[in-house]
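A note on names: the letters A, B, ... follow the listed sequences, proteins ahead of strands, and every chain is numbered from 1.
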Amino acid sequence: MERKFWKNYQKDIPDNNYYYERSCIRQSFFPGSETTFLRIVGDVLGKQIEDDQNLHTCTGIGYHADVVPFETTQTIIARLFSLMSEKGYRNFVPSCVTSFGLLNEVVETWKHFPEELQQTRDFLKQATGREFEIPEYITHPCDIIYKFRKELKEKMRFQIVNQKTGEPLRVVEHIGCHYSKVFPQAVIGSAEFPQVLAGMVEEWGGQVIDYPERRHCCGFGFRHYLIMANRGYSIANSRKKFESMEPYHPDFIVTNCPGCTMFLDRWQYTIKEMEGKTYDKQGNGIPVLTYEEMTGLLLGFNPWDLGLQLHQISAEPLLDKIGIPYDKEQKYLGKSGKIIDFKGF
Amino acid sequence: MKNFGFKISASRQLDMDTIQSDLYEKLIQLEPTAKRCLMCGACAATCTAAEINGFNFRYCHLLMKRGILDNLAKELSKCMLCGKCYMVCPREINTRSIILKMKALMTETTPKHYSL
Ligand code: SF4
Ligand code: SF4
């Protein structure tokens, strides 16, 4: 009986042949993460993953900001599916949590309203001459990392452990609302016990903190942030989380959503500037990582290849705790081989 | 401190362990039907005073239940005690009696709030 019940909280994750959709906002917020994911899945795990150059937006930001109508969203997502079908894939892997929620919303709509599916097929055909198949699986990249967490552990050079004390690091895992709360059945552990990040952290030696506002929104909330007058609501939500986690002294925060990483990272700086408050003992702020960055670091990738220099809260104290080596001089080394000078910015 | 063009909004979360609940407890003793309210708002939707001055029985009931008393006396003064809401309430709550009891409680125990 128990086993059957727990089945509701499980999810089938395909073990190979992924069609990857890059995210609009992640490529500017934390651009190293997606390349790192491709490297982990392709080079470390040896799986087949397609990084298609022709992909485009899912309309998520515009849709949730009420500027893109649902018919348009469905047609644009249908085009994404048509590109996948063209390449012969069945497993769609959207990098962004908002895309993940929206793709599920569209596919679920088509299940209940076949006339919407037909209309979308007609729109896409008229506009582009294309046809599409609905993916067999819509899988978030964090599901894939979670699935292979044991295999990855065997290849890891570091653990989420304080190298000096040997104690596990204390980790806040934050799950994006559009991952776990829109369609809880599409998620490992559902909305009640989302296990995807906690499973990685615990497998790799860390200790997950269970603090009161653990499942509270990060504060992005789309319209809260997009309209400047509303940003006070956005930052108030993030502050509520920071205040709730502060007494548990987290060593870092890990998230699976672009908005969450962005706002939990940047709002710490903003709160410091507005109120002079930081949420760690040293006054540096709590470092915030994407799950790809966390995985890449433990595998021994160069922190600057992961894009950690683009974080507002400096990650170096965390690297020192784990004992991950890094070259300070190379932090802002550009592709051209020259050090990027920020004086003009 | 920097100005980014917006402020950090204050939290509106209520801690039910620390709110002022004594007046509401007294209200329930005086008019036990108050406990049955399911906050459906049928009373407010029917209210004639609402058309004129925005009165809302449900809102007043919630304010007292949550211990938010600052504007309650002023809000209560907007009711004209016609009793129409009593007739539509699906839980047969004596709304008119509750309004009178709330007014009395506000006057008796917290005169600073009473500004009719
Ligand atoms: S109609 Fe009755 S149950 Fe509904 S909110 Fe008013 S008093 Fe409460
Ligand atoms: S008694 Fe007061 S609240 Fe009820 S309908 Fe009349 S004016 Fe409105």
Side-chain angles (χ1 to χ4, degrees), chain A residues 29 65 174 177 211-247 259-260 262-279 283-286 288 312-313 342 345, chain B residues 1-25 27-28 34-35 37-45 47 50 53-76 78 106 110 112-113 115:
Chain A
F29 288 176
H174 177 83
C177 297
Y211 63 107
E213 300 294 355
R214 187 173 173 189
R215 296 292 166 235
H216 198 287
C217 165
C218 71
F220 180 14
F222 292 83
R223 271 166 292 183
H224 295 164
Y225 177 72
L226 298 172
I227 298 166
M228 197 205 255
N230 287 351
R231 283 183 194 162
Y233 296 119
S234 170
I235 196 166
N237 278 288
S238 308
R239 184 171 66 177
K240 184 187 272 282
K241 281 188 78 79
F242 296 138
E243 281 173 357
S244 174
M245 70 179 75
E246 186 184 14
C260 306
M262 174 77 177
F263 286 94
L264 293 176
D265 183 49
R266 307 299 202 257
W267 277 155
Q268 285 191 68
Y269 157 76
T270 313
I271 293 170
K272 164 85 174 151
E273 291 288 6
M274 286 170 87
E275 298 188 333
K277 168 83 183 151
T278 49
Y279 295 92
N284 297 324
I286 308 163
V288 186
Q312 196 83 42
I313 307 295
F342 288 98
F345 282 86
Chain B
M1 294 291 141
K2 271 197 182 143
N3 180 0
F4 290 96
F6 56 91
K7 294 196 170 77
I8 304 180
S9 312
S11 173
R12 294 174 64 194
Q13 180 176 312
L14 292 175
D15 181 350
M16 298 308 274
D17 291 333
T18 56
I19 60 164
Q20 187 185 340
S21 56
D22 54 332
L23 288 191
Y24 189 67
E25 278 156 21
L27 176 70
I28 288 172
K35 258 165 85 177
C37 178
L38 49 73
M39 303 290 166
C40 68
C43 47
C47 176
N53 57 25
F55 182 62
N56 185 330
F57 171 78
R58 176 176 156 276
Y59 175 60
C60 290
H61 187 188
L62 262 181
L63 286 180
M64 182 161 273
K65 197 169 182 180
R66 292 176 177 174
I68 306 169
L69 305 175
D70 291 344
N71 290 320
L72 185 53
K74 194 165 161 243
E75 283 301 313
L76 287 170
K78 295 177 182 171
M106 294 299 288
T110 53
K112 73 184 164 76
H113 296 294
S115 56

Which atoms form the tightest heavy-atom contact between [X] and [Y], and what is the distance?
{"X": "Ser9(B)", "Y": "Ala236(A)", "result": "O-CB, 3.3 Å"}
{"X": "Gly232(A)", "Y": "Phe6(B)", "result": "N-CD1, 3.9 Å"}
{"X": "Met1(B)", "Y": "Met274(A)", "result": "SD-O, 3.3 Å"}

[X] [atom1] to [Y] [atom2] distance, which is reported to the nearest 0.5 Å:
{"X": "Lys2(B)", "Y": "Lys272(A)", "atom1": "NZ", "atom2": "NZ", "value": "11.5 Å"}
{"X": "Lys7(B)", "Y": "Glu275(A)", "atom1": "NZ", "atom2": "CD", "value": "12.0 Å"}
{"X": "Ile8(B)", "Y": "Trp267(A)", "atom1": "CD1", "atom2": "CH2", "value": "8.5 Å"}

* Asked: Which bit of Ser234(A) comes within less than 4.5 Å of chain B, counting heavy atoms only: side chain, backbone, both or neither?
  ->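 It is neither, since no heavy atom gets under 4.5 Å.
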* To do: Counting only heavy atoms closer than 4.5 Å, note whether Arg239(A) contacts chain B via side chain, backbone, both or neither.
  =>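 For Arg239(A), the side chain is the part near chain B, not the backbone.
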* May I ask you to check whether over 12 heavy atoms, not counting those of Arg66(B), lie within 6.0 Å of atom CZ? =>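 Not buried by this count: 12 neighbours or fewer within 6.0 Å.
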* Tell me, yes or no, whether the heavy-atom count around Lys35(B) atom NZ, taken from other residues, nucleotides or ligands under 6.0 Å, exceeds 12. =>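 Result for NZ/Lys35(B): open.
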